[in-house]
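Here the structure is laid out as structure tokens; the discussion comes afterwards.
Just so it is clear: chains get the letters A, B, ... in the order the sequence lines come, proteins before strands, and each one is counted from 1. The structure presented is a predicted model; accordingly, all values stated were derived computationally and were not measured.
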There are 2 protein chains.
Amino acid sequence: MPRTTIADVAQAAGVSVSTVSRALRGLDRVSPETRERIEQEAKRLHFSFSKSASSLASGKTMRVAVLLPNEISSWFNAHAFEGIYEVMSKAGYDIVPYIVWTQDDLDAFFQNLPGNRNVDAVIEASFDFDEAKKQVLGNLTIPVVGMNAPSTHGLDAGVAIDDEASMATIVRFLKSLGHKTLAYIEQPINTTPFVCSDRLRKKGFSEASQACGYADEDIIVMPSLSHIDARSEQDIYSGIVAQLLSAPKQPTAICVSVDAVAAPLLKELRRMGWRVPQDVSLVGFDDDDTATALDLTTMHQDPAEIGRIAARKTLALLNGETLDEPFTVMPTSLVLRGTTERVS
Amino acid sequence: MPRTTIADVAQAAGVSVSTVSRALRGLDRVSPETRERIEQEAKRLHFSFSKSASSLASGKTMRVAVLLPNEISSWFNAHAFEGIYEVMSKAGYDIVPYIVWTQDDLDAFFQNLPGNRNVDAVIEASFDFDEAKKQVLGNLTIPVVGMNAPSTHGLDAGVAIDDEASMATIVRFLKSLGHKTLAYIEQPINTTPFVCSDRLRKKGFSEASQACGYADEDIIVMPSLSHIDARSEQDIYSGIVAQLLSAPKQPTAICVSVDAVAAPLLKELRRMGWRVPQDVSLVGFDDDDTATALDLTTMHQDPAEIGRIAARKTLALLNGETLDEPFTVMPTSLVLRGTTERVS
DNA sequence: TTGAAAGCGCTAACAA
DNA sequence: TTGTTAGCGCTTTCAA
């Protein structure tokens, strides 16, 4: 199956290549009859444009890069990517993921990005860029749109939830249930140096609990393990539960930075004989699939919609429009399920 | 930031473009000193190749298409994609997903695919192609690799688990636990016309239960709902549980076609007063995140590894190698957790 | 070891 | 309404 070019179609239809180009791209200045004929020949010959040739000639790649931290299979990334795909693909764009694990990956991305036009735009998720990178982004001539980015600096547009405010909502909710001692558990293993939400949520928790009048001794914060020793997940979580049990004041409610922490924690709590929610309440963050499965009270966000909105902004920017609201904040909502209870 | 071209680098380094091209691609026939100089200039100017220009000139796009059914956020797809990404990106390839929801999407993909070289290879997940499409794939000059494909026809290589055999393992396991009546629940809402695993697993269940000596009245199979009425997920699942409860013989064990079915089913079973595993055992398939969260006994498969292997085969094919084992079968393993019990 | 030159398949003026 | 003509930025013979 030799590849058919626009010239083949032109010859078959008895017209010039530029006419074919115009016809097939739906431009005007082509008579209905010629267009019809060209379209038929194109179909018959299974013609489709070579993207490479088109982009080389036009300067537009019809591709957008999606920069994702750590993995595409994480709940947030996968759904955000899907939302982006949904709208960008309809507009004719290919979307190319770039997954960043290490600082080196990120540096490489930035080293190559500015120099050449391999994509028309970049959409980025959750990165906490350093100043140098924000500079680079800011100098880019292509649109850069952020999802759940901690700052607007260097971005042309963005969509994000308010992590701090959402966490504060959780704290106030727990206070209203009468909880006297709160614990906050970060992701115990956090290998990502450039992602922001954990930090913001922790900040939100700390500030809100102070604002709600909790004294220092009524707040237990368990940070990420700085270096990962060879312990199993089970060991890590039983360690956490042990610390909770042996705290001067045992917490009556536990917040976690993401739902993913809730499942193993819940299992350990129950294994240690704590009943949830009777002995201790547990609140997650994200509302992913495991949250539903575990009947976990949690803070809901909609990453697919975040992706869609980011993509729509990108599209608008690509069309040269000016956004009247470049940065939008998405609402979150507390989903009440079975792991929280009023303190009796 | 104007885009730097290979000509800029050539000028800066005082050599010709072809020398720069050779040097930067690591080819020989370049003296160490010139190479050094060129590399420095390239870095200084933030040069990187225009993929479009390279592919136009070389005929290689350095891109592979990944054809995915329905969504990229599903557990299998996301992890398989990640596995592919991991190995292809290291080899310098961009990987671009094509997500197919409708038959039209699929047709469009096939209409465009053969005619032109926009990708160097395609990796495909779980599609049950019709004969015409298999033809098209077979005639393609680029490698086509399948993941969990039901047939090898039209593919140059593939990786898959044995859905039927895995399901048979589950049936034998339940028999060995003394279960006398088995139920099989398909995904109640299945909007995908072109995906295969459901069908294979059901077949595996039916054949194995016969082979194990279960009589027809000891087998309850609940197929997908053919048309989706407006019922909520809860209603659907309580309907299923109601049917199970009112069956002539109540099942002592339930198999589901995928873990995703297990979570809502489990919830409904418990709501209706069935204790799992005391009153009824439940076995999933896939071992996704909810399986862990729910402590579900299930059949484990590793989609990321499937993706990696598919990618490695693709790479080998791209390098013109002949695979000594084009089609490989991946092992699955039964993970015993808390939702199964011996019948007393 | 290096360079000149001819495309790759298309788009975008411009001319007809 | 259509065709002609330059490129787009690279790779790839082929000469030097």
Can you tell me which nucleotide in [options] comes closest to the side chain of [X]?
X       : options               : value
A:Ala53 : D:dT2, D:dT11, C:dG9  : C:dG9
A:Val30 : D:dC10, C:dC10, D:dT2 : D:dT2
A:Ser58 : C:dA12, C:dC8, D:dC8  : C:dA12

Between atom [atom1] in [X] and atom [atom2] in [N], what is the gap in whole Å?
X       : N      : atom1 : atom2 : result
B:Arg29 : D:dT12 : CZ    : P     : 13 Å
B:Leu24 : D:dG9  : CG    : P     : 16 Å
B:Phe49 : D:dC10 : CZ    : P     : 7 Å
B:Leu27 : D:dT12 : CG    : P     : 8 Å
B:Lys60 : D:dT11 : NZ    : P     : 12 Å
B:Leu56 : C:dA6  : CG    : P     : 17 Å
B:Lys51 : D:dT11 : NZ    : C1'   : 16 Å
A:Met62 : C:dG9  : CE    : P     : 21 Å

Side-chain donor or acceptor of B:Ser73 paired with backbone N/O of A:Ala78 under 3.5 Å: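 Here the side-chain-to-backbone pair does not exist.
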
Check: A:Asp94 side chain, A:Arg63 main-chain N or O, donor-acceptor pair, under 3.5 Å: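 No; judged by distance alone, with no hydrogens or angles, the pair does not exist.
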
hbond_proxy A:Arg22 side chain to C:dT11 base (donor-acceptor, 3.5 Å cutoff):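 No, no donor-acceptor pair under 3.5 Å.
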
Donor-acceptor pair present, B:Ser18 side chain and C:dG3 base, under 3.5 Å: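 Indeed, a donor on one side and an acceptor on the other fall under 3.5 Å apart.
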
Any side-chain heavy-atom pair of A:Phe49 and A:Arg25 under 4.5 Å: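 Yes, side chains in contact.
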
Close side-chain approach of B:Glu305 to B:His79, heavy-atom, < 4.5 Å: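 No; the side chains remain at least 4.5 Å from each other.
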
For [N], does OP1 or OP2 lie under 4.0 Å from any side-chain N or O of [X]?
X       : N      : value
B:Ser16 : C:dA4  : no
B:Arg25 : D:dT12 : yes
A:Ser54 : C:dT11 : yes
B:Ser31 : C:dT2  : yes
B:Thr34 : C:dT2  : yes
B:Ser21 : D:dC10 : no

Toward the 5' end of DNA chain C, by each residue's nearest nucleotide, B:Arg35 or B:Ala57: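 Here B:Arg35 is the residue nearer the 5' end.
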
A:Lys133 to A:Phe110 six-membered ring, cation-pi geometry met (6.0 Å, 45°):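 Geometry flag: set, cation within 6.0 Å and 45°.
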
